[in-house]
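First up is the structure itself, then whatever we jot down about it.
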Amino acid sequence: MLVLRSVHVHHGHLHVLKGVDLHVGEGEIVAIVGANGAGKSTLLGTIAGVYAPTEGEILFEHKPLPYGKVEHIVDKGICLVPERRQIFDSLSVKDHLLLGAYRRQRRDRQEVKRDYERVLGLFPKLQTMLDRPGGLLSGGEQQMLAIARGLMARPKLLLLDEPSLGLAPLVVKEVMGMLRGLCDQFHTAMILVEQNVRAALQTADYAYVLERGAIVLHGKAAELLADERVAEAYLGAADRR
Amino acid sequence: MKKGMSRLLAALLLMFLAACGKTATSGGEDEVKIGAIFSASGGAAPLGKPEMETVKMLVEQWNEQGGMDGKKIKLIAYDDKSDQNEAVLSTKKLIEQDKVTAIIGGTISGNSLAMIPQIEKAGIPYISLAASKQIVNPSDGSSRHWTFKTAQGDNIVIQKLLGFLKEKGWTNVAWLNVANAYGTSGHEEFKHYAPEYGVKAVIEEEFEATVDDAKAMLTRVKKANPQAIIVWGTAQESAVVTKNIRQLGIESPIVESHGIGTKSFIDLAGEAANGVWFPAGRILVADQLPDSDPQKETLLKYKEQFEKAYGYAPTTFGGHAWDAFHLLVNAIKEGGTDKEKIRSALENTKKFIGISGVFHMSKDDHTGLDADSLVMVQIQDGKFVLAEQ
Amino acid sequence: MSAMLLEVERLSKSFGGVQAVQDVSFGVAKGEMVAVIGPNGAGKTTLFNMISGVIPPTGGSVRFQGGVINGKKPHELAMLGMTRTFQNLQLFSDMTVLENVMVGFHTRLTGGIFSAGFRLPLARREEKQAQEQAFSCLEQIGLAHLAWERAGTLPYGTQRLVEIARAAVSRPSLILLDEPMAGLNPQESKQLVDVLLAMREQGFTFLFVEHDMETVMAIADRIVVLDYGKKIAEGAPEEIARHPDVIKAYLGEEAV
Amino acid sequence: MEAWSQFVQLLFSGLTVGSIYALVALGFVITYSVTGILNLAQGDFAMLGALLCMTFVNSGMPFVLAIGLSIAAVMAVGALFERLAIQPARRSSVAVLIIITIGASFVFRGIALLAWGTDPYALRPFTGHGALEVFGAVIQWQSVWAIVISLASFAALHLFFQRTYIGKAVAACVINPFAARLMGIDIRKMSLGAVAVSAGLGALAGIVIAPISGASYDMGMMIGLKAFIAAVVGGLTNAPAAIAGAFLVGLLESFAEGYLSSGYKEAISFGLLLLVLLFMPNGLFAKMTGKRV
Amino acid sequence: MEQDQRMADGWKRWLLLAGAAVWLGLPWLVFGNNYVLSTLILIGLYALVGTGMTLLMGYAGQISLGQAAFYGIGAYASAYLTAHAGWPAWLALAAGAVLAALVALVVGIPVFRLREHYLALATLGFGVIMFTFFKEWKGITGGLNGFFGIPPIRIAGVPLQSDLPFYYLVSLFVLAGVWFARNIVRSRVGRALRAIHGSEVAANSLGVNITKYKLQIFMLSAVYASIAGSLYAHYVTFINPDLFGIVPSIYFLIMVVIGGAGSVWGGLIGAAVYVCLGEWLKAVVPLLLPDAGGEFEIVFFGLLLVIMLIYMPNGLTGVALKGWRRFWKTGWRRQVDSHKARSIGGERG
């Protein structure tokens with residue numbers, strides 16, 4: 001469904017992604033894990049059209065993605081739920097959800113309405129606070145709102161950037177637990193970028209380990225969970241030097 | 001792209017240099033060069049534009065009629081954009097580069113005053129079109145050997161106005177002036193001459209040239225209960241104030257400055273304009289003048305020619321330019337191209353019938369006009385009506 | 001404790017009710033190389049900014065060379081002998097490498113606007129001194145050949161080295177490094193590690209925040225670990241690598 | 001009684017002028033919120049609106065049509081300005097951006113000079129020359145119009161942002177442009193729309209004030225600057241506060257002029273600007289509303 | 001090291017000398033043409049203001065929309081002190097400069113807490129307030145009627161009344177001003193300023209007291225403007241408040257941005273281009289459109305300004321600098337560099 005072939009990205013002089021190959025199948029949850037600064041957010045941003053690759057190609061449903069305009073990528077069915085949630089403080093929960101469907105609001109109003117009901121059904125907590133400004137929600141609620149907002153775009157591929165960031169452990173469990181259900185209900189594939197390695201690997205089907213802008217390891221999530229090299233990537237075992 | 005830009009840049013720079021360093025083109029023997037500087041654009045454009053157009057028209061006419069003694073007049077006119085620095089630079093350009101015989105212009109007092117030091121230094125006959133009496137009688141006693149002017153100074157206008165007030169018996173008046181050089185200069189003359197005429201200001205106020213609503217200030221005027229209100233400004237701001245006076249229900253007669261003598265004042269002030277008095281040059285009411293008036297013929301002729309050429313009625317400012325041009329041409333006829341001779345011819349001009357009045361120049365009076373050069377005009381039914389004589 | 005160059009005592013910071021840093025205490029001795037680590041959002045940057053005077057703490061104190069430095073501005077700290085580098089490179093990109101490093105020598109010079117404007121002997125002498133010092137500093141780091149390049153045009157790794165040279169040229173008693181390895185490729189980070197180790201040999205003291213655990217393990221004398229604003233562990237690299245709380249903080253709890 | 005009627009008079013003078021400032025200030029706030037640019041040519045939109053409307057009316061067009069047409073025309077000018085001058089320079093420094101808008105202002109003023117010359121023009125009041133008497137104070141109908149129109153425009157905008165879908169999209173752009181982009185909202189279009197709407201508001205302000213003070217090619221600068229103060233006094237990104245700021249500036253000027261002297265009117269409003277900038281850089285009303293747009 | 005340094009600087013020094021020769025020799029090229037001379041004088045006066053502003057904008061990264069106020073302070077101080085108080089012009093000029101610096105200090109302390117747009121607005125407000133003072137303080141400034149009869153400046157008792165000596169006087173001031181600014185730029189202070197422009201946090205963490213330097217430079221730029229204002233007052237001998245309102249402030253800003261604030265020459269180049277552009281439009285526009293008045297010039301000027309800034313946001317010196325750098329890099333400079341590096345190393349080793 002989504003294929004990246006040796007994608008390179010530069011931020012100015014900084015060579016952030018150095019030839020990333022990646023594959024996401026239909027309805028699959030793929031986790032990308034790695035230390036801070038490894039380039040995870042850049043990778044998601046690149047797929048979502050925020051950054052343009054300097055080299056390599058990205059195919060979505062066998063067609064190359066158009067670059068330069070995020071909104072065209074949203075039209076193709078890819079939606080990024082950004083790091084730190086990026087909630088609109090003064091807009092209500094309802095407005096957030098409706099704005100999530102911005103690109104298709106005019107085309108199929110009816111369907112948007114149906115989706116709206118469906119998404120709310122998934123997030124009963126949000127149902128109770130439809131008129132509350134987003135800024136007044138708790139961290140976990142905001143994260144759910146951000147995901148719900150992303151779902152409103154009816155994406156075929158949802159990109160989640162650090163959904164556990166800044167959340168208490170219990171809330172992380174709740175959010176992670178939800179992803180699998182969403183994936184099945186909406187037939188949405190997901191790329192999950194996480195620092196919380198265990199949580200991510202337990203949720204995902206397949207996983208890639210990103211280190212300094214390159215994939216150093218990939219495999220079934222469950223297998224990686226047991227792989228010592230993953231821990232090394234994080235804790236840089238002292239004996240490796 | 002980048003390369004194209006830099007090339008374009010280089011080309012532009014070259015052109016700048018060329019324009020900056022453009023050297024003087026010497027004129028032929030068969031022409032007399034007259035320099036002119038008007039504020040044809042910028043803030044003073046309503047004054048300067050008709051001046052520029054008048055002079056251009058006159059030069060054309062003059063040359064069509066064969067010039068003077070076979071010599072054509074070459075007019076070199078600059079627009080100072082109502083900016084003092086531009087005026088100074090243009091003066092130097094006229095003197096040094098264009099090497100003109102004489103200069104007329106300086107639409108506003110500030111620009112004229114800034115030009116004068118250069119002119120006096122260079123020794124070139126100069127006729128200003130601005131009103132300030134400092135132009136010919138400076139309070140610091142600096143030289144005005146070469147400087148003349150054709151506009152009635154504010155001192156003269158104010159005296160005319162005060163005489164009118166005295167005659168009407170309106171001695172307790174409100175004085176309102178626009179907060180710019182025009183307004184403050186009028187105010188000073190008023191303060192200077194009012195006691196002489198037994199006129200007293202019960203309240204004195206200023207308003208901005210950009211005023212939208214002067215009612216705030218006028219509430220105080222209303223309280224002071226004057227017999228008449230004097231509004232000293234030019235068309236746009238005076239119209240706002242005039243309208244506001246009437247809207248506040250103040251019924252006192254309104255007397256204004258000569259600066260409102262344009263059609264746009266009547267348009268802007270609408271109903272409120274009716275009944276407003278102001279001193280003005282005769283050009284405004286030329287056709288209403290009695291046939292015995294010595295200026296009438298000249299005025300009507302100018303009016304007809306100007307309207308034919310530009311499609312709108314001439315203003316008093318254009319009249320100042322007309323006067324300056326003819327005074328100068330007469331002086332050149334008499335004195336040739338010798339600058340000192342032109343100057344002394346100017347200084348000895350007597351009984352010259354112009355647009356602004358009948359000029360009598362002398363060594364001590366480089367304006368040559370008195371209060372009789374003005375008439376009082378009243379606006380009635382949207383028309384300027386001669387109010388006396 | 002008074003032998004410590006830098007002492008952080010119960011330092012806290014809250015932003016509108018959120019405790020970013022809570023009661024963190026540790027010390028840095030002269031000649032030591034201390035690392036602060038922790039997962040994203042653990043409060044490392046906040047801690048760093050408080051120590052370097054960028055933001056004031058809401059509680060606790062920082063002592064530097066025996067004196068309390070709470071509330072002092074960064075430039076005052078620099079005068080006292082504490083300089084820093086930045087996570088997202090704050091090089092003066094329009095200036096040459098040499099000039100960048102010369103700015104680092106600012107605290108050692110006294111010339112003001114008049115001596116400079118009139119090019120008095122003082123200014124000239126100081127200018128020469130600054131230039132020589134800066135150049136020799138670049139030479140030691142191996143960047144002398146780039147002295148006249150514009151800093152902004154250099155590769156990222158080299159810029160980082162320049163930033164460290166800039167912080168070190170005035171020979172401060174403490175240098176704070178904010179994620180020095182961020183964005184470097186393996187060779188670059190190895191080069192940087194070598195430079196840092198060499199500088200430690202020369203007696204420089206470092207406090208640094210870092211994510212690249214490999215580097216931290218390799219060069220730190222001591223490691224302070226933060227999580228959710230609190231210090232959860234402190235000790236030598238080997239201890240830290242085995243510390244259960246640290247592993248939990250980094251890899252997350254067993255989920256679901 | 002007389003003191004009372006003077007007070008009422010000053011109050012209405014202040015409100016009238018304030019409502020003009022408010023319309024232009026609203027434009028400032030919208031442009032600044034969406035594009036991050038302080039458009040110093042904002043006042044010139046008022047000038048263009050007034051002069052265009054005057055021309056249309058004089059050519060025999062029905063009044064309402066003339067107003068609508070001139071607003072539409074100025075909006076088009078605003079859109080053009082956004083595409084040609086603001087978009088290409090969005091990443092430039094503040095000084096450069098400010099000067100670009102000043103340059104644009106020169107162009108607008110120059111074009112107006114060419115088209116209309118320097119003479120001031122009159123526009124007839126919306127509903128006759130009559131006046132209203134309140135407590136002995138005289139209020140022109142046009143003043144009432146000015147106040148009503150500015151409040152109505154504000155109400156309309158408020159409804160637009162609060163109630164309409166597209167308005168919320170704009171609000172989203174203002175609050176968090178990055179997240180808005182991720183939702184597929186085209187920020188460039190929003191920026192174009194914002195400048196065009198600001199231009200339209202400016203034009204409306206010019207049309208409303210023209211019957212009171214006349215219209216001329218150089219009227220934009222002072223209106224622009226005063227509205228500017230109003231916007232800053234209110235807080236540059238806060239529309240209701242900017243309107244409150246506009247009325248505050250209008251009233252302050254009016255009362256200063258009525259009770260003190262008019263010579264220092266400008267200094268008083270710019271002094272207010274300095275005070276606000278220095279002591280409450282987020283605007284006088286930042287705490288009271290705390291909400292943007 | 002010394003030798004190579006000299007070699008490298010030698011080139012620049014020659015260029016400078018050549019430039020100075022042209023500058024000083026210009027009047028002989030246009031001998032007797034006072035119009036060109038006074039254009040040059042005006043350029044020089046603007047350049048002086050502009051040089052101060054390049055320091056402020058390009059090196060300290062601060063914007064000022066009220067610089068004409070300082071120009072006015074200098075002009076009125078000189079006018080009043082010489083014409084009414086009978087002071088010698090030079091003393092009045094110095095007094096004006098001190099006054100301007102003091103005003104800058106008082107204004108700068110609160111105002112420099114602001115940034116970008118807000119700073120621009122605050123300086124604009126300051127400009128308007130000063131303009132009101134010039135307008136209303138009639139006892140000293142003569143109000144809107146203007147102040148005339150300002151005596152000429154004297155050197156050794158000889159009044160400078162013609163353009164040629166005045167041209168040399170102004171050009172000396174400009175050269176001194178640029179020299180002073182250049183020295184500052186290439187000193188500890190200048191580095192600190194450029195560092196502030198590059199990154200305030202980094203500069204601060206390296207010991208640069210940002211507030212102090214910003215203030216000092218603001219005061220210095222005020223002194224530049226004030227001196228230019230004093231000279232202007234003695235040159236034209238008539239001044240009025242309109243010369244010192246916000247419009248001239250905006251023009252000063254335009255000049256500096258056109259010239260490019262990134263170099264101390266930006267002020268001079270900007271002033272020259274600005275004035276020449278005006279004069280050039282005056283000459284060219286009538287050729288293209290015979291009936292056009294000044295308004296066409298305004299339209300052209302505005303358009304040029306917008307286009308120029310879109311394509312050259314760093315001004316003319318920015319473009320020149322780019323080209324210069326390319327040349328510098330590919331040309332002989334690199335050799336000099338390697339020489340230099342070796343010789344410094346050699347000296348140490």
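Proteins come first, then strands; the chains are lettered A, B, ... in the order of their sequence lines, and each starts at number 1.
In terms of heavy-atom proximity, C:Met79 sits nearest to E:Gly207 at CE-O, 3.7 Å. Taking every heavy atom of both residues into account, C:Val103 and E:Ala195 meet most closely at CG1-CB, 3.9 Å. C:Ala78 and E:Ser205 make their closest contact through CB-O, 3.5 Å (heavy atoms, listed as atom of the first residue, atom of the second, distance). For the pair E:Trp179 and C:Gly117, the tightest heavy-atom approach, listed with the atom from each and the gap, is CZ3-O, 3.7 Å.
C:Thr107 places none of its side-chain heavy atoms less than 4.5 Å from the side chain of E:Leu206. Residues C:Phe86 and E:Ser199 form no side-chain contact, since every pair of their non-hydrogen atoms from C-beta on lies 4.5 Å or further apart. In this structure the side chain of E:Ile217 reaches within 4.5 angstrom of the side chain of C:Ile113, judged on heavy atoms.
E:Tyr213 has its ring centre no less than 6.0 Å from the ring centre of C:His75.
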* **Worked verdict on E:Glu200 versus C:Gln90 for side chain to side chain contact (heavy atoms under 4.5 Å, CB included)** => CA-CA 9 Å; E:Glu200 285 200 9; C:Gln90 298 280 349; over 6 Å; no
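Looking at C:Leu77, neither its backbone nor its side chain comes within 4.5 Å of chain E, counting heavy atoms on both sides. The contact between E:Ala203 and chain C is made by backbone and side chain atoms together, counting heavy-atom distances below 4.5 Å. Neither the backbone nor the side chain of C:Ser115 comes within less than 4.5 Å of any heavy atom in chain E. At a 4.5 Å heavy-atom cutoff, the contact between C:Thr83 and chain E is made by backbone and side-chain atoms alike. Contacts between C:Phe118 and chain E at a heavy-atom distance below 4.5 Å involve backbone atoms as well as side-chain atoms. Interface residue C:Ala130: only side-chain heavy atoms are found under 4.5 Å from chain E. Contacts of C:Arg124 with chain E are absent, with no heavy-atom separation under 4.5 Å from either backbone or side chain.
If you tally non-hydrogen atom pairs under 4.5 Å between each of C:Arg84, C:Glu76, C:Arg119 and chain E, the highest count goes to C:Arg119.
At least one donor-acceptor pair under 3.5 Å links the side chain of E:Arg188 to the backbone N or O of C:Leu109.
For the atom pair CZ of C:Phe114 and CG of E:Leu220, the computed distance is 7.5 Å after rounding to the nearest 0.5 Å.
The pair E:Arg191-C:Glu127 meets the salt-bridge criterion, since a charged nitrogen lies less than 4.0 angstrom from a carboxylate oxygen.
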